[in-house]
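Please read the structure below before turning to the comments.
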Number of protein chains: 2
Amino acid sequence: MREIKLSQSEPKRKLLDAAEQLFAERGFEAVSVRDVTQLAKANVAAVNYHFGSREGMIALVISRYVTPIHEERIARLDALEKKWPGKVVPLEELIDAFVRPLAGTVRKSDLSEQLFCKLVGRIFSLQGEALPPAVEEQMKVSIDRFMKAFAKALPTVPSEELIWRTHFMAGGVIHMLLNQEMLHRLSGGASGTPTMEGILARFIRFAAAGLREGVEVEPTPKKGPQATFDF
Amino acid sequence: MREIKLSQSEPKRKLLDAAEQLFAERGFEAVSVRDVTQLAKANVAAVNYHFGSREGMIALVISRYVTPIHEERIARLDALEKKWPGKVVPLEELIDAFVRPLAGTVRKSDLSEQLFCKLVGRIFSLQGEALPPAVEEQMKVSIDRFMKAFAKALPTVPSEELIWRTHFMAGGVIHMLLNQEMLHRLSGGASGTPTMEGILARFIRFAAAGLREGVEVEPTPKKGPQATFDF
DNA sequence: GTCTATAAAGTGATAGAC
DNA sequence: GTCTATCACTTTATAGAC
């Protein structure tokens with residue numbers, strides 16, 4: 001449960017908080033340095049003083065989000081592999097570990113859960129060049145480790161197939177993080193107003209079924225020995 | 001099989017083509033009027049003359065893509081319901097009809113398939129305000145009709161659950177359309193280089209399994225009467 | 001229809017006073 | 001560290017000549 005805030009001077013923190021909020025609401029491209037300093041009630045020059053440039057500020061906001069998410073994912077995966085020593089980690093628990101750190105239920109910034117999710121969604125839907133290389137590297141490391149775990153949980157799914165399925169899965173989360181209100185609007189309210197916890201549960205069922213497609217399920221021993229505790 | 005181009009003056013078409021290409025490559029926000037006129041070898045004032053404003057141009061590009069996609073979806077759904085009169089349309093065929101018109105395999109603009117997909121992905125990941133109301137209305141109509149068809153194909157899935165599952169599904173396609181190259185890079189080439197047709201087949205299997213999750217499957221009569229022709 | 005010229009506002013960044 | 005003033009551009013949009 002690390003804090004998302006690093007130790008930083010008060011005005012710098014204020015700038016970052018303002019930037020986060022605006023980026024979440026409007027996207028990175030649509031926010032100017034002046035928008036940020038105005039909301040933070042700081043001087044126009046403050047951004048360049050503290051971050052070197054607008055790009056530096058964006059990169060810092062991004063890494064301030066991605067790094068803890070990355071670490072949380074890895075920590076959860078480590079914990080799962082400890083919890084199921086030598087055994088295969090159940091697919092649903094893997095997906096949970098992969099997805100939950102994105103959803104703002106673990107560590108909250110000052111943003112509301114909704115804005116947190118939107119910002120995470122925007123970050124994870126950034127295209128190549130827009131992503132700082134160090135951040136892309138972190139994403140890659142997470143993905144590599146989870147891909148191996150997924151492959152172990154689904155040994156009969158060919159690896160190329162599995163890559164595409166996890167890609168589809170990732171798209172599902174990102175879209176969910178970004179477009180909750182639009183779903184509400186498009187569905188005329190019929191999507192209800194579930195909590196993030198409820199949405200995650202739905203997503204995990206959906207994704208697990210998609211990832212597992214075509215895999216023979218053992219003849220449903222509704223109370224197998226490995227299912228008796230802890231999940 | 002309508003053509004994507006409406007009858008338009010030559011310079012206007014050139015502007016639209018240039019705009020499409022740049023929007024696909026960089027996203028709407030990152031393209032200026034001058035970028036477009038420069039690529040189209042037209043005058044700076046041409047955009048405002050032909051489209052009234054930058055926003056007008058963007059709206060036209062968007063509707064030039066969304067409208068045929070919408071019509072294609074509806075036409076395909078109509079055809080399916082005609083093909084399975086009184087019966088339930090198989091889920092896989094519904095997903096195909098919903099997704100294929102997005103993937104550039106039906107009608108191509110002058111853009112390469114890859115750029116076409118990217119532009120479609122960008123359009124369908126636009127947030128509320130950025131989307132012209134008429135366009136959002138078309139999307140809504142498609143979605144409504146398909147939601148009803150999905151509900152018929154999956155009568156035991158509660159409607160709120162189904163809405164979320166189709167939302168996750170939509171995210172999967174959009175992400176796939178936008179991030180093919182990134183997948184290739186992140187996976188170190190292990191995603192292979194399948195054709196769009198191959199990717200669609202993979203996606204349909206994945207999405208169908210996710211949508212169907214928890215639905216009792218009839219005891220696999222591997223050659224039921226309704227499965228003997230046409231699919 | 002196409003062009004030049006220009007308006008009016010906004011952009012990121014910085015020098016230099018305090 | 002904070003501020004003002006300003007530079008050097010770029011942006012969309014338009015008026016008016018051709």
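Letters A, B, ... mirror the listed sequences (proteins, then strands); counts begin at 1.
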dT11(C), OP1 or OP2 - any side-chain N/O from S32(A) closer than 4.0 Å? yes
Inspect the contact between E72(A) and R76(A) and indicate whether a charged nitrogen and a carboxylate oxygen are less than 4.0 angstrom apart. yes
Please report, rounded to the nearest Å, how far the P atom of dT2(D) is from the NZ atom of K41(A). 16 Å
Euclidean distance, atom CZ of residue R54(A) to atom P of dA13(C) [Å, nearest integer]: 8 Å
For the pair E81(A) and K148(A), find out whether any cationic side-chain nitrogen is under 4.0 Å from an anionic carboxylate oxygen. no
Check this for me, if you would: do E92(B) and R205(B) make a salt bridge, where the nitrogen-to-carboxylate-oxygen distance has to be below 4.0 angstrom? no
So among Q180(B), E113(B), E181(B), which one has a side-chain hydrogen bond (donor to acceptor under 3.5 Å, both in side chains) with K118(B)? E181(B)
For E10(B) and dT2(C), what is the distance between atoms CD and P respectively, to the nearest whole Å? 11 Å
note: H50(A), atom NE2; dC3(D), atom C1'; distance rounded to Å ~ 12 Å
Rounded interatomic separation in angstrom, taking NZ from K14(A) and C1' from dT2(D): 13 Å
Rounded to the nearest Å, what distance is computed from the CD atom of residue E29(A) to the P atom of nucleotide dT10(D)? 17 Å
For nucleotides 4-9 of chain D, print each protein N/O atom paired with a nucleotide N/O atom at under 3.5 Å, atom names and distance only.
unit_1 : atom_1 : unit_2 : atom_2 : d
dT4(D) : OP2    : N43(A) : ND2    : 3.2

Whole angstrom value for the distance that separates P of dG16(C) from CG of N48(A): 16 Å
Within 45° of the six-membered ring axis of F28(A) and under 6.0 Å from that ring's centre, is NZ or CZ of R122(A) located there? no
Does Y49(B) or E55(A) map to a spot on DNA chain C nearer the 5' end, using the closest nucleotide for each? Y49(B)
State whether R13(A) and D17(A) are salt-bridged, where the test is any N-O pair (Lys NZ or Arg NE/NH1/NH2 against Asp/Glu carboxylate O) under 4.0 Å. yes
Protein-nucleotide distance (L15(A), atom CG; dC3(D), atom P), rounded to Å: 11 Å
